[in-house]
Q: 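After the structure tokens below, expect a handful of questions from me.
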There are 2 protein chains.
Amino acid sequence: MVSAKQTFKRGAYLYRAGEHFQSIYAVRTGFFKTATLLDDGREQVTGFHMMGEIIGMDAISTDIHPCDAIALEDSEICEIHFSQLEQLSRDIPTLQRHLHRILSREIVRDHGIMLLLGSMKAEERLAAFLLNLSQRFAARGYSSSSFNLRMTREEIGSYLGLKLETVSRTFSKFQKDGLISVQNRSIELQDMVALKRVLGQQGCATGKNDRI
Amino acid sequence: MVSAKQTFKRGAYLYRAGEHFQSIYAVRTGFFKTATLLDDGREQVTGFHMMGEIIGMDAISTDIHPCDAIALEDSEICEIHFSQLEQLSRDIPTLQRHLHRILSREIVRDHGIMLLLGSMKAEERLAAFLLNLSQRFAARGYSSSSFNLRMTREEIGSYLGLKLETVSRTFSKFQKDGLISVQNRSIELQDMVALKRVLGQQGCATGKNDRI
DNA sequence: CATGAATATTGATCTAGATCAAATCGCACT
DNA sequence: AGTGCGATTTGATCTAGATCAATATTCATG
């Protein structure tokens with residue numbers, strides 16, 4: 001069911017929008033983005049995916065991938081043949097339950113982003129984004145306060161519903177205020193409490209910084 | 001597995017955020033909204049649900065409902081006991097596949113809203129919203145051009161990431177331009193082609209008007 | 001190592017939509 | 001039918017973030 005690891009160079013497509021669906025993919029190492037190409041040529045980023053996360057579940061409904069998945073750094077993935085997974089999960093209830101939880105978790109994650117896009121302002125969105133990355137790195141045994149962004153300001157902006165200039169300016173402001181230290185793609189969270197306070201300040205989902 | 005129909009008066013809760021998860025629900029008649037109550041008391045609407053649609057799938061991942069589900073008019077629902085559904089879907093591959101498609105469709109739907117919230121402007125969002133409702137009514141055998149909104153301007157705004165005044169103003173503008181006719185909750189789409197053109201105009205997901 | 005193309009920063013200005021405010025309308029309930 | 005509250009509309013103003021623009025930095029490539 002799970003095929004051997006495959007490697008993808010930075011910039012390589014794991015799959016493309018429109019391709020037939022056959023498998024979901026587990027990121028083993030590296031970093032991916034998923035994105036939809038809009039008619040006018042711009043792209044909308046729908047997610048960033050790191051080690052241990054599953055991509056491709058949005059294709060189950062139509063058997064066609066609705067978005068592209070692109071490696072943001074050299075990466076390894078495990079292909080999971082979906083009908084074999086379904087077959088197996090018929091015999092192993094625990095696996096079945098696990099699959100359903102993973103599908104549902106994706107829905108919850110998306111609701112969190114809808115919340116962010118629908119009700120937070122720029123600083124809150126960036127703070128939520130950084131804290132979410134931090135927490136995911138921490139869960140994988142990496143530093144929660146110091147990491148490298150794998151994506152451009154434009155990709156962050158697309159994901160958060162902001163323009164790249166706004167992303168850049170907000171990073172600069174956070175740095176000026178001593179919340180973080182940025183130089184290019186390298187980020188250090190210097191005052192996580194204050195970052196959480198940015199999130200929690202006004203008219204938004206407080207305390208729910210695991211929302212993304 | 002499927003219990004007898006239950007009825008809910010307008011305003012009644014089908015379930016509340018924080019409650020233990022046991023079942024998903026199929027809307028038989030009527031109209032529901034799902035919403036998360038934010039810490040500051042405001043609510044973020046995450047979806048509107050009509051006849052034939054399934055609610056509650058976001059609770060599978062944690063066994064706790066992350067949002068409220070509230071009837072917007074007198075409604076009937078069918079409760080589907082989820083572990084019984086899982087049990088049954090082990091024996092009936094077609095059912096299993098169907099369940100997976102439904103879960104995945106919810107993910108795709110959410111990605112559509114993320115797209116809308118992240119890259120469309122007010123008029124485009126409203127046009128997408130109206131066309132989506134229209135298409136869902138049509139699919140159920142109701143008029144695609146004339147229907148009643150079950151929700152307030154504020155709820156529409158919360159769903160679309162707009163303030164209620166903006167929703168109202170945009171409806172008025174559409175009416176002035178002859179695209180629709182509104183009086184209170186009753187809507188008539190008078191020029192669907194033009195509405196689609198609003199959607200498809202600038203820097204947004206054109207032609208993908210089934211996106212919501 | 002040089003060169004050019006992405007990527008990022010920063011400033012100046014503009015605008016869509018938020019906010020504040022005030023009528024008006026419509027519906028539920030006595 | 002009257003009453004009162006929530007929902008809606010519309011106007012006036014304000015502002016966060018978009019847009020336009022110029023420069024600086026980083027990185028891939030021959």
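Basis for what follows: all heavy atoms, side chains included, without hydrogens, waters or symmetry-related copies. So you know, we letter chains A, B, ... as the sequences are listed, proteins then strands, and number each from 1. Worth saying up front: this structure is predicted, and the values here are computed from it rather than measured.
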Q: Ignoring backbone atoms, test whether R185(B) places a side-chain nitrogen or oxygen under 4.0 Å from the OP1 or OP2 oxygen of dA7(D).
A: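 Answer is no, no contact under 4.0 Å.
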
Q: End-to-end bend of the helix from dC1(C)-dG30(D) to dT30(C)-dA1(D) (five-pair axes, 10° rounding)?
A: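 About 60° separates the two local helix axes.
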
Q: With R140(B), which residues qualify under side-chain hydrogen bond (donor to acceptor under 3.5 Å, both in side chains), at least two apart?
A: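 If we apply the side-chain hydrogen bond (donor to acceptor under 3.5 Å, both in side chains) test to R140(B), skipping adjacent residues, the hits are E53(B).
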
Q: Identify, with sequence neighbours excluded, every residue that meets salt bridge (Lys or Arg N to Asp or Glu O under 4.0 Å) alongside E155(B).
A: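 Listed in chain order: K33(B).
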
Q: Could you tell me the separation between the CZ atom of R153(A) and the C1' atom of dT25(D), rounded to a whole number of Å?
A: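 Going from R153(A) (CZ) to dT25(D) (C1'), I get 12 Å.
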
Q: Whether T152(B) contacts dG6(D) is assessed here as follows: a side-chain N or O lying under 4.0 Å from the phosphate OP1 or OP2. Is that the case?
A: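 For dG6(D), OP1/OP2 do not have a side-chain N/O of T152(B) under 4.0 Å.
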
Q: Give the B/S/- string for nucleotides 16-30 of chain C, one per nucleotide from 5' to 3', where a protein heavy atom under 4.0 Å of the base yields B, of only the sugar-phosphate yields S, and otherwise -.
A: -SSBB-------S--

Q: Tell me the side chain to side chain donor-acceptor pair (under 3.5 Å) pairs involving residues 174-185 of chain B, sequence neighbours left out?
A: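 Qualifying pairs, neighbours excluded: K173(B)-D177(B).
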
Q: List the atom pairs, donor and acceptor, that lie under 3.5 Å between side-chain atoms in residues 59-72 of chain A and the rest of the protein, sequence neighbours left out.
A:
| unit_1 | atom_1 | unit_2 | atom_2 | d |
| --- | --- | --- | --- | --- |
| T62(A) | OG1 | I64(A) | N | 3.3 |
| T62(A) | OG1 | I64(A) | O | 3.1 |
| D63(A) | OD2 | R101(B) | NH2 | 3.3 |
| D68(A) | OD1 | A17(A) | N | 2.7 |

Q: So, using side-chain contact (heavy atoms from CB on, under 4.5 Å) as the criterion, who are the partners of S144(B) when residues are at least two apart?
A: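 side-chain contact (heavy atoms from CB on, under 4.5 Å) check on S144(B) returns S134(B), A138(B), M192(B).
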
Q: Sequence neighbours excluded, which residues qualify as side-chain hydrogen bond (donor to acceptor under 3.5 Å, both in side chains) partners of Q84(A)?
A: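 side-chain hydrogen bond (donor to acceptor under 3.5 Å, both in side chains) check on Q84(A) returns nothing, list empty.
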
Q: Can you list everything that forms a salt bridge (Lys or Arg N to Asp or Glu O under 4.0 Å) with R105(B)? Sequence neighbours excluded, please.
A: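 By the salt bridge (Lys or Arg N to Asp or Glu O under 4.0 Å) rule, R105(B) matches no residue at all.
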
